[in-house]
Asks: 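The structure's right below; bear with me while I get my questions together.
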Amino acid sequence: MGRWAIAVHGGAGIDPNLPVERQEEAKQLLTRCLNLGIAALSSNISAIDVVELVVRELETDPLFNSGRGSALTEKGTVEMEASIMDGTRRRCGAVSGITTVKNPISLARLVMDKSPHSYLAFSGAEDFARKQGVEIVDNEYFVTDDNVGMLKLAKEANSILFDYRIPPMGCAGAAATESPIQMNGLPISIYAPETVGCVVVDKEGRCAAGTSTGGLMNKMMGRIGDSPLIGAGTYASELCGVSCTGEGEAIIRSTLARDVSAVMEYKGVGLQEAVDYVIKHRLDEGFAGLIAVSNKGEVVCGFNSNGMFRGCATEDGFMEVAMWE
């Protein structure tokens, strides 16, 4: 019997001008999700079940960019994606292009458990969801007034807008023209995506990970990021569980989540050293962060962005919710 540990994230990259009330709301949500996971782990619920439970809670709250509150596409609709992985036998499930499923993480779990496949997308994933009897809602359920306003701002700036939680009178619009960064060579605005994720190791040493997102504000229809890609945004093995957040294209290029496990396996190092290595050496000019747990009950957060919404807890009583360094 080992020690359990859990970590959650709400996105890497935080604008320094994010209103204090938004910061407090984020901390409260992360704390609530941690407590939910702690209670489940204390009741000997398995790692994979805890991951699904916690990510569902994050998807249901509109604060972060997943489920209700997801970023809007260029056409003002929502296309969500999620993935989940059980490290015990490296089983996984992923979905993309989800428009009506209330909790995409649970659909990803069903792909893993109830289908012969690992990844379903768009109409095929929606058809599978209806056959499985998951809760279906209208696409309008996921659209919030805040995001409608921020999509308008993104279109006015002619940019993919990352930091869509900053009020329009803040610095987001200015940043799009004064100090753009680039994604695949094209300019984007302030970097602050808010994908959600959870990683867990239970008392049996079983690791699991899950990630869910609405993607980028004003993204092209059909764009798929790192979150549903096993090995990029999500990975779990017998050694660790990892969930990533940040510049999806950079995470995809580096297969960031899988690399943490690979460094542990091939270099024989611990979780902290592996996370430090991939954050420093695998992101090139990209910005991202990740949360990770090991089968020994360790928990680590790492990022090279300006902060990351995150929280973690361990069986020995340690608990932390943080945003900045």
Side-chain angles (χ1 to χ4, degrees), residues 10-19 21-23 25-26 29 58-82 95-104 121-122 126 137-184 186-196 211-228 245-249 287 305-306 309:
I14 306 170
D15 191 278
N17 296 311
L18 185 68
E21 60 269 23
R22 293 285 181 121
Q23 297 184 35
E25 288 173 0
L29 175 55
L58 288 162
E59 289 175 336
T60 302
D61 192 294
L63 183 64
F64 291 134
N65 174 17
S66 67
R68 188 163 187 266
S70 284
L72 304 182
T73 69
E74 59 189 350
K75 294 186 177 180
T77 59
V78 166
E79 289 184 350
M80 300 168 290
E81 46 198 26
V95 292
S96 287
I98 301 304
T99 60
T100 65
V101 177
K102 187 175 182 180
N103 291 107
F122 297 95
E126 296 279 346
V137 294
D138 291 335
N139 196 251
E140 289 75 16
Y141 163 84
F142 304 103
V143 179
T144 65
D145 290 341
D146 280 351
N147 286 349
V148 171
M150 298 316 294
L151 178 62
K152 181 175 183 292
L153 179 61
K155 288 184 176 296
E156 290 172 352
N158 193 29
S159 174
I160 295 171
L161 189 66
F162 276 88
D163 195 0
Y164 56 88
R165 303 299 180 187
I166 303 297
M169 295 305 293
C171 63
T177 55
E178 293 175 6
S179 58
I181 62 173
Q182 293 190 343
M183 174 179 287
N184 284 348
L186 299 175
I188 58 175
S189 63
I190 296 176
Y191 175 79
E194 294 176 340
T195 294
V196 305
T211 312
S212 181
T213 190
L216 308 179
M217 184 66 73
N218 199 29
K219 67 182 179 181
M220 294 175 63
M221 297 292 292
R223 182 261 183 181
I224 294 174
D226 67 287
S227 295
T245 172
E247 184 186 327
E249 278 63 15
F287 291 94
S305 55
N306 182 30
F309 294 104

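The chain is numbered in sequence order, starting from 1.
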Asks: What is the distance from atom OG1 of Thr60 to atom NZ of Lys102, rounded to the nearest 0.5 Å?
Replies: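 Output value for this atom pair is 6.0 Å.
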Asks: Can you tell me how far CE of Met80 sits from CG of Asn103, rounded to the nearest 0.5 angstrom?
Replies: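 It is 9.0 Å, given to the nearest 0.5 Å.
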Asks: Would you say Leu151 and Met217 make side-chain contact, with heavy atoms under 4.5 Å?
Replies: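 SC-SC contact between Leu151 and Met217 confirmed.
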Asks: Working to the nearest 0.5 angstrom, can you tell me the gap between Glu249 CD and Leu216 CG?
Replies: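 If we round to the nearest 0.5 Å, Glu249:CD and Leu216:CG are 6.5 Å apart.
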Asks: Please find the pair of heavy atoms, one from Gly214 and one from Lys219, that lie closest to each other, and give the distance.
Replies: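 That closest heavy-atom pairing would be O-NZ, 2.9 Å.
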Asks: How close do Thr144 and Gly69 get, heavy atom to heavy atom, and via which atoms?
Replies: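 Smallest heavy-atom distance, with atoms named: CG2-CA, 3.8 Å.
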Asks: Does a side chain donor of either Ser212 or Ser66 reach within less than 3.5 Å of an acceptor in the other side chain?
Replies: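 Short answer, no.
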Asks: As an exercise, state the distance from CD of Glu79 to OG1 of Thr213, rounded to the nearest 0.5 Å.
Replies: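 That separation rounds to 12.0 Å.
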Asks: Closest heavy-atom contact between Leu18 and Phe309?
Replies: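 Scanning both residues completely, I find the closest heavy atoms to be CD2-CZ, 3.6 Å.
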Asks: Side-chain contact test, heavy atoms from C-beta onward, threshold under 4.5 Å: evaluate it for Thr77 versus Met221 and give yes or no.
Replies: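 In short, these two side chains touch, coming nearer than 4.5 Å.
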Asks: Roughly how far apart are Lys155 NZ and Asn218 CG, rounded to 0.5 Å?
Replies: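 Answer rounded to 0.5 Å: 4.5 Å.
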Asks: Under 3.5 Å, side chain of Glu81 to main-chain N/O of Ile224, donor-acceptor pair present?
Replies: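 Between the backbone of Ile224 and the side chain of Glu81 there is no qualifying donor-acceptor contact (under 3.5 Å).
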Asks: Give a yes or no answer on whether the side chain of Asn65 reaches the backbone of Ala71 with a donor-acceptor pair at less than 3.5 Å.
Replies: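 Yes, because the side chain of Asn65 sits within donor-acceptor range (under 3.5 Å) of the backbone of Ala71.
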Asks: Does any non-hydrogen side-chain atom of Phe142 lie less than 4.5 Å from one of Ile98?
Replies: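 The answer is no, as the side chains (C-beta and beyond) never meet within the 4.5 Å cut-off.
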Asks: Please walk me through it: do Arg223 and Glu74 pass salt bridge (Lys or Arg N to Asp or Glu O under 4.0 Å)?
Replies: CA-CA 11 Å; Arg223 182 261 183 181; Glu74 59 189 350; over 6 Å; no
Asks: Where is the tightest heavy-atom contact between Val101 and Pro104, given as atom of each residue plus distance?
Replies: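 Scanning both residues, the minimum pair turns out to be O-CD, 3.7 Å.
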Asks: Under a 4.5 Å cut-off applied to non-hydrogen side-chain atoms, are Val78 and Tyr141 in contact?
Replies: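 Val78 vs Tyr141: side chains apart.
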Asks: Minimum heavy-atom separation for Gly67 to Ser70, with atom names?
Replies: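 Minimum heavy-atom contact is O-OG, 2.7 Å.
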Asks: Specify the closest pair of heavy atoms between Phe64 and Ala26, including all atoms of both residues, with the distance to one decimal.
Replies: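 Closest heavy-atom pair between Phe64 and Ala26: CZ-CB, 3.8 Å.
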Asks: What's the separation between atom CG in Leu58 and atom CG in Leu63, rounded to the nearest 0.5 Å?
Replies: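 Rounded to the nearest 0.5 Å, the CG-CG separation comes to 9.5 Å.
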